[in-house]
Amino acid sequence: MFNPQAIRADFPILKRKVNGQPLIYFDNAATTQKPQQVIDAQRDFYENHNANVHRAVHTLSQEATDRYENARETVARFIGAKESAEIVFVRGTTEAINLVAYGWGLPNLKSGDEVLVSLMEHHSNIVPWELIAKLTGCTVKYGKVHPDGTLDTADFVGKLTKNTKLASLSQVSNVSGIINDVKHIAKIAHEHDALMLVDGAQSVPHMPVNVTDLDADFLTFSGHKMLGPTGIGALYAKKQLLEKMAPFQGGGEMIREVTLNPQTERCGITWNDPPWKFEAGTPNICGGVILAEAAKYLQKLGMAEVFQHEKELTAYAMEQMLSCCTKLKLYGTTDVSLKCGIMPFGVEGLSSHDVALFLDNYGIMIRSGYHCAQPLHQIFKLQSSARASFYIYNTKEEVDRFVEVLKEVEQF
Ligand code: PMP
């Protein structure tokens, strides 16, 4: 049985006070807190097993390599990948999307080709494609979003043409928490011979995600948003794509051989097999190992239960906010069946930063700003928004306190 009170005991940071008040952490879409199990795993790695991977025959290197490669296997299972070779460890979602843009997009896209994204994307699923468009001459097209924040699916699907080479869409919006039916979109993209990238930064930590079921060609996510450390995340890609893709960065480990041709005085290079072909240099070894610990922690809770808990909390929070606060406005749809635990809102007469600062005085952490998604804020006709986002350790009691303080914010 899912028990947030028991879960809270695993998170040391939740015991601290901020501004003399018990910490209420509602900024989980930005990053999540870490359980003792993850903190201990990091300590154990550095205290007992630290060495570089793949490079030495000594015992510590073997132990570090085994842990790093087992972590890849755990992460692969967590998202339903067929094999661990389909998981490339990267710095996070941003690096994963850039890897696809430069490793697949740069060599394959040309003038006349199209990449289709939506207007609800995080900037990290817009900017890399605009950069690649400049380099290749391809065009980036934008699927529309309704005023309530939901995807205009008919428009998105209508923009898939014979020229579309890739559709790239977030499974969950980091601003509104709205869930996109990426399985349906992937099916239609494939009918147009386009590839499908799913930005899973806000879905993988919060709901069951199975790449095989989605039939996604690429899936990207960040460890720090799912109880793991910063500086580690993963790109899932179908093996046949990774085999054809160009390396993103050059250096040690990603090559099989670098040999000097004495005649030409140039080096000939052959690539390592995927996924190592895409992991140039010393990777974030400990980060990978701990990401797997985080995945195991979530798996033990059950992703369906995590999803259900956040949905219940969101429904409760929206209901309380709307019934108790008169100057408060929720942005985007309030239909909780279309969302997970992210709620953008505003308070009449106050900037989002004022709201966040006021709440901070009471130990409540929320986000304010445009959350790296300016086009979506343009659709909402906003400069910025306040955003509360939930995770496994948040409770109804915290929501009650949040709403109580919001009532005071309204009097400000
Ligand atoms: N996409 C989405 C939907 C996100 O929420 C985020 C993080 N806010 C990113 C991409 C970028 O993730 P990261 O900063 O971990 O690379």
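Just follow the structure's listing: the first ligand is 1, and inside any ligand the first atom is 1. Along the sequence shown, residues carry numbers from 1.
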Please work out whether the ring planes of Tyr393 and Tyr391 are parallel, tilted or perpendicular, with thresholds of 30° and 60°.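 Taking Tyr391 first and then Tyr393, their aromatic rings stand perpendicular (interplane angle over 60°).
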Check the angle between the aromatic planes of Phe412 and Phe358 and answer parallel, tilted or perpendicular using the 30° and 60° thresholds.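 Rings of Phe412 and Phe358: perpendicular, over 60°.
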Between Ser385 and His377, is there a side-chain donor-acceptor contact under 3.5 Å, judged purely by atom types and distance?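 Yes, side-chain donor-acceptor contact under 3.5 Å.
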Donor-acceptor contacts under 3.5 Å from residues 176-185 side chains, at least two apart:
{"unit_1": "Ser176", "atom_1": "OG", "unit_2": "Ser173", "atom_2": "OG", "d": "3.2"}
{"unit_1": "Ser176", "atom_1": "OG", "unit_2": "Ile178", "atom_2": "N", "d": "3.1"}
{"unit_1": "Asn180", "atom_1": "ND2", "unit_2": "Ser170", "atom_2": "O", "d": "2.8"}
{"unit_1": "Asp181", "atom_1": "OD1", "unit_2": "His184", "atom_2": "N", "d": "3.2"}
{"unit_1": "Lys183", "atom_1": "NZ", "unit_2": "Asp213", "atom_2": "OD1", "d": "2.9"}

Applying ring-ring contact (aromatic ring centres under 6.0 Å, His included), can you list everything that pairs with Tyr102, at least two apart in sequence or on another chain?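 For Tyr102 the ring-ring contact (aromatic ring centres under 6.0 Å, His included) partners, ignoring immediate neighbours, are Phe248.
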Side-chain donor-acceptor pairs under 3.5 Å in residues 278-291, sequence neighbours left out?
{"unit_1": "Glu279", "atom_1": "OE1", "unit_2": "Tyr68", "atom_2": "OH", "d": "2.9"}
{"unit_1": "Glu279", "atom_1": "OE1", "unit_2": "Arg72", "atom_2": "NH2", "d": "3.2"}
{"unit_1": "Glu279", "atom_1": "OE2", "unit_2": "Arg72", "atom_2": "NH1", "d": "2.7"}
{"unit_1": "Glu279", "atom_1": "OE2", "unit_2": "Phe89", "atom_2": "N", "d": "2.7"}
{"unit_1": "Thr282", "atom_1": "OG1", "unit_2": "Asn52", "atom_2": "ND2", "d": "3.0"}
{"unit_1": "Asn284", "atom_1": "OD1", "unit_2": "Gly287", "atom_2": "N", "d": "2.8"}
{"unit_1": "Asn284", "atom_1": "ND2", "unit_2": "Gly231", "atom_2": "O", "d": "2.8"}

Can you list every pair where an N/O of ligand 1 is under 3.5 Å from an N/O on the protein?
{"unit_1": "ligand 1", "atom_1": "1 (N)", "unit_2": "Asp199", "atom_2": "OD1", "d": "3.4"}
{"unit_1": "ligand 1", "atom_1": "1 (N)", "unit_2": "Asp199", "atom_2": "OD2", "d": "2.6"}
{"unit_1": "ligand 1", "atom_1": "5 (O)", "unit_2": "Gln202", "atom_2": "NE2", "d": "2.7"}
{"unit_1": "ligand 1", "atom_1": "8 (N)", "unit_2": "His122", "atom_2": "NE2", "d": "3.3"}
{"unit_1": "ligand 1", "atom_1": "8 (N)", "unit_2": "Lys225", "atom_2": "NZ", "d": "2.8"}
{"unit_1": "ligand 1", "atom_1": "15 (O)", "unit_2": "Ser222", "atom_2": "OG", "d": "2.7"}
{"unit_1": "ligand 1", "atom_1": "15 (O)", "unit_2": "His224", "atom_2": "NE2", "d": "2.8"}
{"unit_1": "ligand 1", "atom_1": "16 (O)", "unit_2": "Thr93", "atom_2": "N", "d": "3.4"}
{"unit_1": "ligand 1", "atom_1": "16 (O)", "unit_2": "Thr94", "atom_2": "N", "d": "2.9"}
{"unit_1": "ligand 1", "atom_1": "16 (O)", "unit_2": "Thr94", "atom_2": "OG1", "d": "2.6"}

